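Working notes, beginning with the structure itself.
Since this is a predicted model, take the numbers as computed values, not measurements.
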Amino acid sequence: MTAEKRRPRPATQYGPTAVAVAQNVKRLREVRNLTIYALSGALGEAGRPITPSAVAKIEKQQRQVTVDDLAALATVFNVSPAALLLPMSEADEVEVTGAGAVRAAAAWAWANSQRPLRLTPGREETELLEFQLYSLPLRVRNSRQHPAGRALNAAQHDVERLIDSSRFVMEGSTAFDEDLDAARVAVERLAAEVNRVGVSHNEWAREMGVWKSDAVKRAKKEEPDGPSVD
């Protein structure tokens with residue numbers, strides 16, 4: 001009896017994110033004009049060796065990557081880890097493991113630590129603050145939570161929505177005009193907050209200059225007189 005030829009068994013529990021990683025490894029390898037052997041060599045030089053056969057299995061969805069593999073692949077491809085984790089699709093929605101189908105723009109903003117994947121109506125402000133608190137180091141978080149940083153985030157969101165809206169023309173729809181007005185308001189608010197940062201900095205600098213000047217004067221007054229000469 002002739003033995004049946006064995007086929008590679010796909011990895012178990014291949015969710016949508018694992019599928020996206022496999023597809024993106026192949027996509028990025030090809031756009032970077034790398035052979036499987038060249039990619040394997042680059043990973044070895046980066047300190048995370050993955051054999052050519054293992055790279056091939058990753059692309060065929062027969063071997064899932066570890067988080068260290070993912071970091072090394074993103075480093076070698078010179079992309080954000082998000083470029084491996086999410087589908088590079090023009091679709092309005094993408095699949096995210098644990099969340100199901102979500103808006104593509106929301107998924108990318110979430111993956112890039114800009115805002116939560118979903119917001120609960122009535123709790124948007126609280127959830128955004130919590131997201132930044134648990135997702136970002138202190139210095140980055142302070143920048144994001146500053147009024148100018150929050151205005152920047154809002155402006156980016158509204159401008160991206162405007163650009164997306166500009167791709168469609170629907171008779172009788174006022175969506176584009178509404179998005180245009182919202183983007184203009186957001187950009188104006190951002191400009192105002194940036195100006196406030198400048199004003200606050202200049203006021204602080206002047207106060208510090210006066211304080212330093214007074215401190216120098218006090219120090220000079222408190223200096224002991226030189227040794228007396230008999």
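- Residues V19 and L84 fall into different hydrophobic clusters, defined by Ile, Leu, Val, Met, Phe, Trp and Tyr side chains chained together at heavy-atom separations under 4.5 Å.
- Looking at heavy atoms from C-beta onward, R123 lies in side-chain contact with E130 at the 4.5 angstrom threshold.
- Across T97 and G15, no two heavy atoms sit closer than the pair OG1-C, 4.2 Å.
- Annotation: the span from S53 atom OG to Q62 atom CD amounts to 10.5 Å, rounded to 0.5 Å.
- Side-chain contact between L190 and V194 is present, with heavy atoms from C-beta onward closer than 4.5 Å.
- Scanning all heavy atoms of the two residues, the minimum distance from L86 to A107 falls at CD1-O, 3.5 Å.
- In this structure, N78 and R32 have side chains that are in contact, with non-hydrogen atoms separated by less than 4.5 Å.
- Linking ILVMFWY side-chain heavy atoms closer than 4.5 Å, directly or via other members, places V199 and W204 in two distinct hydrophobic clusters.
- We find the CD-CZ distance between Q132 and R150 to be 8.0 Å, quoted to the nearest 0.5 Å.
- Atom CZ of R139 sits in a sparse spot, with 12 or fewer heavy atoms from other residues, nucleotides or ligands closer than 6.0 Å.
- To the nearest 0.5 angstrom, Q114 atom CD is 11.0 Å from W108 atom CH2.
- Atom CG of D177 is surrounded by more than 12 heavy atoms from other residues, nucleotides or ligands within 6.0 Å.
- Side-chain contact between R48 and T66 is present, with heavy atoms from C-beta onward closer than 4.5 Å.
- Hydrophobic clustering (ILVMFWY, side-chain heavy atoms < 4.5 Å, transitive): I58 and L85 are in one cluster.
- Between E30 and K26 there is a salt bridge, since at least one side-chain N of the basic residue sits less than 4.0 Å from a carboxylate O of the acidic one.
- Judged by distance alone, the side chains of N24 and R27 do bring a donor and an acceptor atom under 3.5 Å apart.
- At least one donor-acceptor pair closer than 3.5 Å links the side chain of E124 to the backbone N or O of G122.
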D69/R63 under salt bridge (Lys or Arg N to Asp or Glu O under 4.0 Å): CA gap, chis, key distance, verdict: CA-CA 11 Å; D69 294 340; R63 177 188 183 277; 3.4 Å; yes

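- Side-chain N or O atoms of E127 include one that pairs as donor or acceptor with a backbone N or O of T120 at under 3.5 Å.
- Residues M88 and A83 approach most closely at CE-O, 4.4 Å, considering heavy atoms.
- In this structure a side-chain-to-backbone donor-acceptor pair under 3.5 Å is present from S135 to F131.
- A distance of 5.0 Å separates CG in L133 from CZ in R141, rounded to the nearest 0.5 Å.
- Residues P116 and L128 meet the side-chain proximity criterion, which asks for heavy atoms closer than 4.5 Å.
- Judged by distance alone, the side chain of S40 and the main-chain N or O of I50 form a donor-acceptor pair under 3.5 Å.
- Shown here for E93 and A101, the closest heavy-atom pair between the two residues is OE1-CB, 3.6 Å.
- At least one side-chain heavy atom of V55 sits under 4.5 Å from a side-chain heavy atom of E59.
- Put simply, the side chain of R144 does not reach to within 4.5 Å of the side chain of N153, judged on heavy atoms.
- A single hydrophobic cluster is seen to contain both L28 and L70, as judged by linkage of ILVMFWY side chains at heavy-atom distances under 4.5 Å, directly or through other members.
- Judged by distance alone, with hydrogens and angles left aside, the side-chain atoms of D164 form no donor-acceptor pair with the main-chain N or O of E160 at under 3.5 Å.
- Minimum heavy-atom separation, A82 to A111: CB-CB, 3.8 Å.
- Residue V21 is grouped with residue L34 when hydrophobic side chains (ILVMFWY) are merged at heavy-atom distances under 4.5 angstrom, including chains of intermediate members.
- In this structure, CG in L180 is found 11.0 Å from CD in E178, a value given to the nearest 0.5 Å.
- Here the closest non-hydrogen pair linking A151 and E193 is CB-CG, 3.9 Å.
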Go through the steps for W110 and V102 under the test side chain to side chain contact (heavy atoms under 4.5 Å, CB included), then give the verdict. CA-CA 11 Å; W110 165 70; V102 297; over 6 Å; no

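- Rounded to the nearest 0.5 Å, atoms CG (D181) and CG (L162) are 10.0 Å apart.
- Taking 4.0 Å as the cut-off between side-chain N and carboxylate O, D158 and R189 do not count as a salt-bridged pair.
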